[in-house]
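Below is one structure, written out as structure tokens; the observations come after it.
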Amino acid sequence: MWEYAPAPESRDIANLKPNYRMFIDGQFVEGAGEPLKTVNPGTEEVLAEVSTAAPADVDKAVKAARRAYDRVWGRMPGAERAKYIFRIARLIQERSRELAVLESLDNGKPIKESRDVDVPTAAAHFFYHAGWADKLGYAGLGPDPRPLGVAGQVIPWNFPLMMAAWKIAPALATGNTVVIKPAETTPLSALVLAEIIQQADLPPGVVNILAGAGDVGSAVVSHPDVDKVAFTGSTEVGKLIQRQLAGTGRKLTLELGGKAANIVFDDAPLDQAVEGIVNGIFFNQGHVCCAGSRLLVQESVADELLEKLHARVSTLRVGDPLDKNTDVGAINSREQLTKIQELVETGDAEGAQRWTSACPLPDKGFYFAPTVFSNVSQAMRIAREEIFGPVLSVLTFRTPDEAVAKANNTPYGLSAGIWTEKGSRILWAAQKMRAGVVWANTFNRFDPTAPFGGYQESGFGREGGRTGLEAYLDV
Amino acid sequence: MAAPSTTPSLPPALADAVRDDASLRRFLHGLPGVDQVGVEQRAAGLGTRSIKKAAKMWAIDTAIGMVDLTTLEGADTHGKVRSLAAKARRPDPDDPDVPKVAAVCVYPDMVETAVEELRGTGVGVASVATAFPSGRSSLKVKLEDTAYAVDAGATEIDMVIDRGAFLSGRYGQVFDEIAQVKRACGDAHLKVILETGELATYDNVRRASWLGLLAGGDFIKTSTGKVSPAATLPVTHVMLQAVRDWHAQTGELRGVKPAGGIRTTKDAIKYLVAVHEVAGPEWLAPTLFRFGASTLLNDLLMQRRTQLAGHYSGPDYVTVD
């Protein structure tokens, strides 16, 4: 038997510091909130202490953003803004190894994903939006679109750096200034991004980064001097924000949970469908709002596909996020691990058939073995609720119409997948899908040029592409 | 169309597939398609596995034991074959721990020399019969070519399929040829060369793989080495999926041999990772996986020395035979 020797990336590359401070008005400052400790989910060790914001800090940050907007950034020609944004993009590339290791330490995702997906995509978002900064008049959104002002943004823990890029890049390109709060469990990469922003010589106050928990996020989005709110996270919190902002006239975009259907028709390229299913649900430990967590398979190929899927999932290597050969890393927090375990138990209780990979798990850290539920019906909680972990629910269907009906039978609608060798069926099914993104014969592919966003309880507004600019412009 | 005598135990579904030309076509075209983007992505992804230390040492020794050390030149001589055989017996003269290669692969008229040189060593003698490399001759000639090599003592026959017949949809003809060559092989193992560079699509590679397996090939092999592209990682992935699926349906273990263009240890390790993770660890053995190569061996030997000595010594420290 061939055991791959461990191939760990050196954690020294992350240049980890014992303390991290918040970034307000171009300076790293101590927040007045209770400092938080951020934990490496792969080992449960404390990585660093991070100072957090109190309400007064939020106010300071918003004021700084307002000043920067009024005096510098809002009136700067697009071509000038573009230079700064390009510079950020290049600096992310230059420091890509450092950022990748840091992200894997703080978040628990495998280094191969932070290295090959998160960091390059983050850089790509800055590059892409830098290109738009002086061409906004040609985006088809009106002859002279204007920035909105100060954007208050709150991002989740599943893609800390990438989400920061998705939020900051379009806001800066369109001439807005930013107050952003990364998630409580994963603040580090955003604070290193603050160093990069300082390195890029951005005028003070254009980007402000606050650390803290939900109360800080709430203070940011409800601050009366914020003109635009962008939130990515849970549907529950999204609803709270929408309630807070109702009637204020401020612009809001929400990118929330999902329970995406991944439909495999009987004429699909089965081996690649298996790859797509694996990528759809086990990428980033399933901590993906657009994860393909509901597999819908045509009954005539269900047994064959399930057999192939089990064999493939058995080869996934779960363990040390810093090991270059790790396919599935650590669950981000103990809290999230508990939530996954609870939902999986309801699957058992409701009569679904559980299959778990026999892969060994490390003794320390938060890990959950890749799990596939078959014999799932639409009525079960594991088919309706977002699990946000490496857990797949497999349902079957008999006809294309049934597949579409089941796929759309969800309060969510962020993404969907279609697997078939028949081009006409791809077009037919994609048109019927109520989802913001529909992937055909692939899954979980991200590109800054492609708009991303949801239907129904998955939120509203689009990020990325030409459409994504509109959320930050007065048109 | 005559079903091959060597696979009498085909399960009903597969026995039905080879009943006649039409059912064979229906079966091959009913196989799941291969998505080009998907298979290339998977191959690229597995290609980034980081193999080092003990795992690398194991891979190098395993790969050496899987090499079909090959010379297929018009200018081949008995002298050249003799020195190649010497290299096969003892790849590194300074280190008796280096495993022997799996086989030496030569043209039919060189088989006798190779057999003489390798008697009692356990190293096989493979021969490319069947009007290699084009395969453009009568079936009679191909069968005689095979018989000639087997009589001379070849333990393995590498045959080329008739790509013209395959591409024009005459699957039954290709099937018959393979089946008959298999019979002509007697006890010798049959490797069926698909020449995937000429088949052009992954769908064709999958169909040709199944055709080779149905007709009784012990191995399916990518290429002759005379056509570009020769072996590629994604093509090998598709072929590994075929033997894996064949095993699932019949319980039989059949092998895969990529050939042509695999020159470095790094590349060879990528193939071994594919064998390990696509087909399964069972296939990590010379009975089920081979490399058709001539220059790969020396790079494996150099990397082996580097692993042991902790420093690189260079090409002058391995023999050029």
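Proteins get letters first, then strands, A, B, ... in listed order; numbering begins at 1 in each.
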Can you see which heavy atom on A/Leu270 is nearest to which on B/Pro32, and at what distance?
-> N-CB, 3.9 Å
Taking ring-ring contact (aromatic ring centres under 6.0 Å, His included) as the test, write out the residues that go with A/Phe368, two or more places apart.
-> none
For A/Asn107, all residues meeting side chain to side chain donor-acceptor pair (under 3.5 Å), sequence neighbours excluded | none
Can you tell which of A/Ala273, A/Pro269, A/Pro6 has the highest number of heavy-atom pairs within less than 4.5 Å of chain B?
-> A/Pro269
I'd like a table of the N/O donor-acceptor pairs between chain A and chain B - cut-off under 3.5 Å, distance only.
unit_1: A/Trp2; atom_1: NE1; unit_2: B/Ala55; atom_2: O; d: 3.0
unit_1: A/Tyr4; atom_1: OH; unit_2: B/His276; atom_2: ND1; d: 2.9
unit_1: A/Tyr4; atom_1: OH; unit_2: B/Glu277; atom_2: OE2; d: 2.8
unit_1: A/Asp271; atom_1: OD1; unit_2: B/Arg244; atom_2: NH2; d: 2.6
unit_1: A/Asp271; atom_1: OD2; unit_2: B/Arg206; atom_2: NH2; d: 2.5
unit_1: A/Gln272; atom_1: OE1; unit_2: B/Asp35; atom_2: N; d: 2.9
unit_1: A/Glu275; atom_1: OE2; unit_2: B/Arg42; atom_2: NE; d: 3.0
unit_1: A/Lys308; atom_1: NZ; unit_2: B/Asp245; atom_2: OD1; d: 3.1
unit_1: A/Lys308; atom_1: NZ; unit_2: B/Asp245; atom_2: OD2; d: 3.0
unit_1: A/Asn325; atom_1: O; unit_2: B/Arg49; atom_2: NH1; d: 3.0
unit_1: A/Asn325; atom_1: OD1; unit_2: B/Ser50; atom_2: N; d: 2.7
unit_1: A/Asn325; atom_1: ND2; unit_2: B/Ser50; atom_2: O; d: 2.7
unit_1: A/Asp327; atom_1: OD1; unit_2: B/Arg49; atom_2: NH1; d: 3.0
unit_1: A/Asp327; atom_1: OD1; unit_2: B/Arg49; atom_2: NH2; d: 3.2
unit_1: A/Asp327; atom_1: OD2; unit_2: B/Arg49; atom_2: NH2; d: 2.8
unit_1: A/Arg445; atom_1: NH2; unit_2: B/Gln41; atom_2: OE1; d: 3.4

Let me know if B/Val278 has heavy atoms under 4.5 Å from chain A in its side chain, its backbone, both or neither.
-> neither
With side chain to side chain contact (heavy atoms under 4.5 Å, CB included) as the test, would you mind laying out the steps for A/Ile263 and A/Met433 before giving the verdict?
-> CA-CA 11 Å; A/Ile263 306 174; A/Met433 242 9 101; 3.4 Å; yes
Under 4.5 Å heavy-atom distance to chain B, tell me which part of A/Ala268 shows up: side chain, backbone, both or neither.
-> backbone
Atom of B/Pro258, atom of B/Ala231 and distance for their closest heavy-atom approach = CB-CB, 3.8 Å
Shortest non-hydrogen contact from A/Val372 to A/Val394?
-> CG1-CG2, 3.6 Å
Which atoms form the tightest heavy-atom contact between A/Phe282 and A/Val328, and what is the distance?
-> O-CG2, 4.1 Å
Does A/Asp118 have any side chain to side chain donor-acceptor pair (under 3.5 Å) partners at least two apart in sequence or in another chain, and if so, which?
-> A/Lys109
Which bit of B/Leu272 is near chain A, if near means a heavy-atom gap under 4.5 Å: side chain, backbone, both or neither?
-> both
